[in-house]
Amino acid sequence: MEHSSGYLRIGVSMRVTKAVDYFEKRDALAQDWQNFLSEYLPEAISMPLPNLGEQIIQDVVEPWRINAFILTGGDDLGVFPERDITETAILAYAIAHHLPVLAVCRGFQLLQTYYGGILSECDRHIHMATHHKVFSGKINFEVNSYHTKSILAENLAPHLKVIALAQDGGVEAAAIKGKPVLALMWHPEREDRVTKFESGLIRQLFLDPATFNTMK
């Protein structure tokens with residue numbers, strides 16, 4: 001798949017884990033992501049991005065010509081500083097260079113705080129790994145829920161625009177005005193199938209980022 005700067009190379013951020021009976025921290029990526037990308041973005045190649053801090057750009061992103069990103073879920077903000085610093089550097093780089101970013105769950109929360117927005121405690125989902133409806137205009141569909149923090153519509157950072165809301169007004173999907181950045185509070189990679197609305201948004205984000213914000 002030809003992209004504006006060659007092949008579409010998606011860098012995928014990783015969570016930090018502590019292996020049992022070992023002292024070192026490890027970066028990890030759910031296998032769900034490769035399955036998801038093979039299904040919905042077969043045109044792309046992907047590469048896991050280690051948590052190197054700010055040097056991720058000069059050591060990995062630029063040498064490997066990564067031209068799109070996924071900021072994955074897992075790990076609350078503030079738990080592992082090396083991940084916070086790495087993903088913040090990636091986000092800043094992507095925004096400055098107008099590169100596509102899909103920010104999932106924690107990624108959405110990072111995006112919200114990056115632009116000065118605040119997070120709220122998520123008390124509307126009684127059980128983890130449940131499903132609930134979201135609404136985008138006249139379209140409604142069910143998504144999963146694994147997050148413990150939420151973003152209320154009244155607290156959405158000024159640079160962001162709402163794409164989908166939960167019934168209680170929590171923001172479930174958003175985009176940056178004028179930038180190819182899509183944020184989802186749910187995990188599309190954890191579903192066997194996603195809706196045409198979701199796959200359409202994600203494919204346009206990565207395959208036609210110049211017109212992403214014009215999609216109705």
Side-chain angles (χ1 to χ4, degrees), residues 12-15 28-37 39-41 69-79 83 87 91 100-177 180-206 212-213 215-216:
V12 186
S13 74
M14 294 192 284
R15 70 172 65 207
L29 181 64
Q31 294 177 1
D32 294 338
W33 273 114
Q34 187 55 55
N35 296 333
F36 179 85
L37 290 170
E39 176 73 19
Y40 295 103
L41 279 170
F69 301 92
I70 296 174
L71 301 181
T72 63
D75 303 333
D76 286 339
L77 297 177
V79 176
R83 183 176 183 187
E87 291 187 336
L91 182 59
V101 178
L102 175 62
V104 173
C105 198
R106 169 204 154 91
F108 189 173
Q109 296 169 31
L110 178 72
L111 181 66
Q112 166 78 347
T113 57
Y114 180 84
Y115 279 109
I118 63 172
L119 304 176
S120 301
E121 293 298 321
C122 184
D123 55 6
R124 65 177 179 273
H125 305 315
I126 298 175
H127 304 291
M128 294 293 288
T130 187
H131 284 74
H132 63 89
K133 280 190 176 182
V134 299
F135 300 84
S136 180
K138 296 181 180 180
I139 300 171
N140 70 83
F141 52 97
E142 285 198 346
V143 300
N144 57 45
S145 175
Y146 292 89
H147 54 99
T148 58
K149 302 290 184 181
S150 65
I151 298 171
L152 304 179
E154 60 267 29
N155 295 332
L156 188 65
H159 285 77
L160 306 184
K161 64 178 183 180
V162 174
I163 292 180
L165 291 168
Q167 287 178 299
D168 64 354
V171 182
E172 292 287 329
I176 297 182
K177 300 169 185 176
V181 178
L182 172 64
L184 305 177
M185 195 61 82
W186 66 90
H187 288 255
E189 82 282 5
R190 293 181 182 176
E191 297 294 336
D192 292 334
R193 300 293 302 173
V194 300
T195 65
K196 289 183 178 179
F197 178 78
E198 295 168 86
S199 62
L201 274 178
I202 292 169
R203 284 185 60 78
Q204 181 164 24
L205 170 72
F206 286 112
F212 170 73
N213 272 278
M215 189 169 122
K216 302 298 183 184

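Here, residue 1 is the first one in the sequence, and each next residue gets the next number. For clarity, every value in this text was computed on a predicted model and none was experimentally measured.
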When rounded to the nearest 0.5 angstrom, what is the spacing between [atom1] in [X] and [atom2] in [Y]?
{"X": "Lys149", "Y": "Ile118", "atom1": "NZ", "atom2": "CD1", "result": "11.0 Å"}
{"X": "Arg193", "Y": "Ser199", "atom1": "CZ", "atom2": "OG", "result": "8.0 Å"}
{"X": "Leu184", "Y": "Glu198", "atom1": "CG", "atom2": "CD", "result": "7.5 Å"}
{"X": "Gln167", "Y": "Lys133", "atom1": "CD", "atom2": "NZ", "result": "7.0 Å"}
{"X": "Cys105", "Y": "Arg190", "atom1": "SG", "atom2": "CZ", "result": "7.5 Å"}

Using a 3.5 Å distance criterion without hydrogens, assess whether the side chain of [X] forms a donor-acceptor pair with backbone atoms of [Y].
{"X": "Lys177", "Y": "Pro158", "result": "yes"}
{"X": "Gln204", "Y": "Leu201", "result": "no"}
{"X": "Ser136", "Y": "Ile139", "result": "no"}
{"X": "Ser150", "Y": "Gly170", "result": "no"}
{"X": "Asn144", "Y": "His131", "result": "no"}
{"X": "Ser145", "Y": "Thr130", "result": "no"}
{"X": "Arg83", "Y": "Met14", "result": "yes"}
{"X": "Arg15", "Y": "Ala28", "result": "no"}
{"X": "Gln112", "Y": "Asn155", "result": "yes"}

Item to complete: Report yes if the side chains of Phe212 and Val181 come closer than 4.5 Å at any heavy-atom pair, otherwise no.
Response: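 Result no, sub-4.5 Å side-chain heavy-atom pair not found.
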Practice prompt. Measure the shortest side-chain to side-chain distance between Leu160 and Ile151 over non-hydrogen atoms and say whether it is less than 4.5 angstrom.
Written response: no
Closest heavy-atom pair and its distance - [X], [Y]:
{"X": "Pro188", "Y": "Val194", "answer": "O-CG1, 3.6 Å"}
{"X": "Glu172", "Y": "Val134", "answer": "CG-CG1, 3.4 Å"}
{"X": "Ala174", "Y": "Val171", "answer": "CB-CG1, 4.1 Å"}
{"X": "Leu71", "Y": "Ser13", "answer": "CA-OG, 3.4 Å"}
{"X": "Glu87", "Y": "Leu110", "answer": "CB-CD2, 3.5 Å"}

Practice prompt. Please name all residues satisfying salt bridge (Lys or Arg N to Asp or Glu O under 4.0 Å) with Glu191, sequence neighbours left out, ordered by chain then number.
Written response: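 Residues passing salt bridge (Lys or Arg N to Asp or Glu O under 4.0 Å) with Glu191: none at all.
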Worksheet item: Passes side-chain contact (heavy atoms from CB on, under 4.5 Å), Asp75 versus Arg106? Steps please.
Response: CA-CA 7 Å; Asp75 303 333; Arg106 169 204 154 91; 4.0 Å; yes
Practice prompt. May I ask you to check whether over 12 heavy atoms, not counting those of Gln31, lie within 6.0 Å of atom CD?
Written response: no
Worksheet item: Under 6.0 Å from the NE2 atom of His159, do we count more than 12 heavy atoms belonging to anything else shown?
Response: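 At most 12 heavy atoms, drawn from other residues, nucleotides or ligands, come within 6.0 Å of this atom.
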Worksheet entry | Listed partners of Phe141 passing ring pair (Phe, Tyr, Trp, His ring centres under 6.0 Å), at least two apart |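 With neighbours one apart ignored, the set is Trp186, Phe197.
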Item to complete: Just jot down the ring pair (Phe, Tyr, Trp, His ring centres under 6.0 Å) partners of Tyr40, sequence neighbours excluded, or say none.
Response: Phe36
Fill in: Derivation of the side-chain contact (heavy atoms from CB on, under 4.5 Å) call for Trp33 and Thr72
CA-CA 9 Å; Trp33 273 114; Thr72 63; 3.3 Å; yes
Worksheet entry | Among Leu111, Ile163, Val104, Ile176, the one residue meeting side chain to side chain contact (heavy atoms under 4.5 Å, CB included) with Leu182 | Ile163
Worksheet entry | Worked verdict on Val101 versus Phe206 for side-chain contact (heavy atoms from CB on, under 4.5 Å) | CA-CA 8 Å; Val101 178; Phe206 286 112; over 6 Å; no
